[in-house]
2 protein chains.
Amino acid sequence: MTLDEAWRILQERQFKRTKNRETILEFFSDNDRYLTAMEVRNFMAADNPGISFDTIYRNLTTFSELGILEETELNGERHFRMQCDHGVHHHHFICTACGKTQNIAHCPMESVSVNLKGYEVEGHKFEIYGKCPVCVAQ
Amino acid sequence: MTLDEAWRILQERQFKRTKNRETILEFFSDNDRYLTAMEVRNFMAADNPGISFDTIYRNLTTFSELGILEETELNGERHFRMQCDHGVHHHHFICTACGKTQNIAHCPMESVSVNLKGYEVEGHKFEIYGKCPVCVAQ
DNA sequence: GTGTAAATAGTAACGATTACGATTACTAGT
DNA sequence: ACTAGTAATCGTAATCGTTACTATTTACAC
């Protein structure tokens, strides 16, 4: 997901172009990994010390709902990253040290033929956790 | 995991047999599904209104570390259930309505040969969410 | 029974997230 | 460019789940 694509989506849905949204999207665009609301806040506080958590969470949630960001939960904390692969279904290896991800093409749902008759599947989660090569070396 | 097995593990590690622990383990033994700390509290409050969250979380964490309970995180909330399959590696379908689970024998890690060279894998999570047959019918 | 360490109650603190009323800023229409 | 109307924001407080603390009680070995 590029900045231009993100803004196009926002414009289509009549969201306004604000300084805060520009800052947030730039931050995600420049950091290709999972980030927390606190990391976003710290970045934004540089030129806007009074930034409100309300603003941050509201926008992160909006972006996530629009498919601009993708979201996961690590250690009870929401993490966000720029949507990758243009929405094509995929899974992630996630580095527990730096938040960087590596795409996993294989989706286990294809292999789950098992006894789920009568069950109504709503979603699934497959994530691998560990250290990326850069963090292993440190 | 039966109550007897749980108590054997606790005794081996010199944990004391207290009324609170008995109540907690009975509750999990009688409810074959994922439960929250709040559900445990509500159950215990029946005959012990002054039960402390400290006590509940401390014991749930202990039981989880000893492999008596297994644990997952749903919607930012810790959920616990009695260890099933005697610790053999498996995954779960989890009913988002009642917390009941269905074992999934297939582990996707076996199929992930892909580009994870140089990566240090620490763990993984594979869960399927939806409604179980009982909850579908309602 | 008694001593000792573990376990608990009661309550306060904590971090992440959400909610709120008052104010400000964006944008469409003139 | 000006203005109106609505969206977005600020500042702050409330909420939720969880953890931490100290004084007291309890389980269990002797």
Side-chain angles (χ1 to χ4, degrees), chain A residues 6-27 34-66 68-69 71-81 96 99, chain B residues 6-27 34-66 68-69 71-81 96 99:
Chain A
W7 283 118
R8 188 178 44 70
I9 292 170
L10 288 169
Q11 199 171 6
E12 265 172 19
R13 305 295 212 82
Q14 327 238 288
F15 285 95
K16 294 181 176 169
R17 185 171 191 118
T18 67
K19 185 79 190 70
N20 282 334
R21 287 182 177 149
E22 279 179 356
T23 309
I24 293 173
L25 288 177
E26 274 164 31
F27 188 47
Y34 274 110
L35 300 162
T36 63
M38 185 55 80
E39 287 177 293
V40 174
R41 195 208 79 89
N42 290 343
F43 177 75
M44 299 185 78
D47 53 312
N48 181 4
I51 180 69
S52 166
F53 273 108
D54 183 59
T55 300
I56 291 170
Y57 278 107
R58 185 167 22 73
N59 282 310
L60 291 179
T61 301
T62 298
F63 293 164
S64 182
E65 285 169 354
L66 293 176
I68 293 170
L69 298 180
E71 183 177 351
T72 193
E73 198 169 282
L74 305 168
N75 308 323
E77 204 172 353
R78 291 168 77 188
H79 286 65
F80 303 85
R81 60 155 299 146
T96 53
Chain B
W7 283 118
R8 188 179 43 71
I9 292 171
L10 287 168
Q11 198 170 7
E12 265 172 20
R13 305 296 213 81
Q14 329 240 290
F15 285 95
K16 294 179 177 169
R17 185 172 191 118
T18 67
K19 184 83 191 67
N20 282 334
R21 287 183 178 147
E22 278 177 357
T23 309
I24 293 174
L25 288 178
E26 273 164 31
F27 187 48
Y34 273 111
L35 300 163
T36 63
M38 184 56 79
E39 288 177 291
V40 174
R41 196 209 78 90
N42 290 344
F43 176 75
M44 299 185 79
D47 54 313
N48 182 3
I51 179 69
S52 166
F53 273 108
D54 183 61
T55 301
I56 291 170
Y57 278 108
R58 187 168 19 75
N59 281 311
L60 291 179
T61 301
T62 298
F63 294 165
S64 182
E65 285 168 354
L66 294 175
I68 293 169
L69 298 179
E71 184 177 350
T72 193
E73 199 168 282
L74 305 169
N75 309 324
E77 205 171 350
R78 292 167 78 187
H79 285 64
F80 302 85
R81 62 155 297 148
T96 53

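The figures here come from the full heavy-atom set of this structure, side chains too, leaving out hydrogens, waters and symmetry mates. In this text, all values refer to a predicted model and were calculated from it rather than measured experimentally. Chain identifiers are assigned alphabetically (A, B, ...) following the order of the sequence lines, protein sequences preceding nucleic acid strands; residue numbering begins at 1 within each chain.
Although no hydrogens or angles enter the test, the distance criterion places a donor-acceptor pair under 3.5 Å between the side chain of A:Arg21 and the main chain of A:Lys16. In this structure, the side chain of A:Glu26 does not engage the main chain of A:Thr23 through any donor-acceptor pair within 3.5 Å. Checking side-chain atoms of B:Thr62 against main-chain N and O of B:Arg58 turns up a donor-acceptor pair under 3.5 Å.
With hydrogens and angles left out, the side-chain atoms of A:Thr61 and A:Arg78 include a donor and acceptor closer than 3.5 Å.
Nearest heavy-atom pair, B:Leu25 versus B:Ala6, reported as atom, atom and distance to 0.1 Å: CD1-CB, 4.2 Å. The minimum heavy-atom distance between A:Phe27 and A:Glu39, with the atom names listed, is CE2-O, 3.6 Å.
Between the CE atom of B:Met44 and the P atom of C:dA7 there is a distance of 14 Å, rounded to whole Å. If you take CZ of B:Arg78 and C1' of C:dA16, they are 15 Å apart, rounded to a whole angstrom. Taking atom CZ on B:Phe15 and atom P on D:dA29, their separation rounds to 15 Å, with Å as the unit. Spacing between atom CD of B:Glu77 and atom P of D:dT15 amounts to 17 Å, rounded to whole angstrom units. The CD atom of B:Gln14 sits 15 Å away from the C1' atom of C:dA7 (whole-angstrom rounding). Distance, B:Gln11 CD to C:dA6 C1': 16 Å, rounded to whole Å. Taking atom CG on B:Leu35 and atom P on D:dG17, their separation rounds to 15 Å, with Å as the unit. Atoms CG (B:Asn75) and P (C:dA16) sit 18 Å apart, rounded to a whole Å.
The shortest distance between the side-chain N/O atoms of A:Arg13 and the OP1/OP2 oxygens of D:dA7 is not below 4.0 Å. Between B:Arg41 and D:dT18 there is no side-chain polar atom (N or O) within less than 4.0 angstrom of OP1 or OP2.
Looking only at side-chain heavy atoms (C-beta outward), A:Met38 and A:Arg41 come within less than 4.5 Å of each other. Residues A:Phe63 and A:Ile24 meet the side-chain proximity criterion, which asks for heavy atoms closer than 4.5 Å.
Remark: B:Asn48, B:Gly50, B:Ile51, B:Ser52, B:Asp54, B:Thr55, B:Arg58, B:Asn59 in residues 48-59 of chain B come within less than 4.0 Å of DNA chain C through at least one heavy atom. A heavy atom closer than 4.0 Å to some atom of DNA chain C occurs in B:Lys16, B:Thr18, B:Asn20, B:Arg21, these being the qualifying members of residues 16-27 of chain B.
With sequence neighbours left out, the salt bridge (charged side-chain N to carboxylate O under 4.0 Å, His left out) criterion links B:Glu65 to no other residue.
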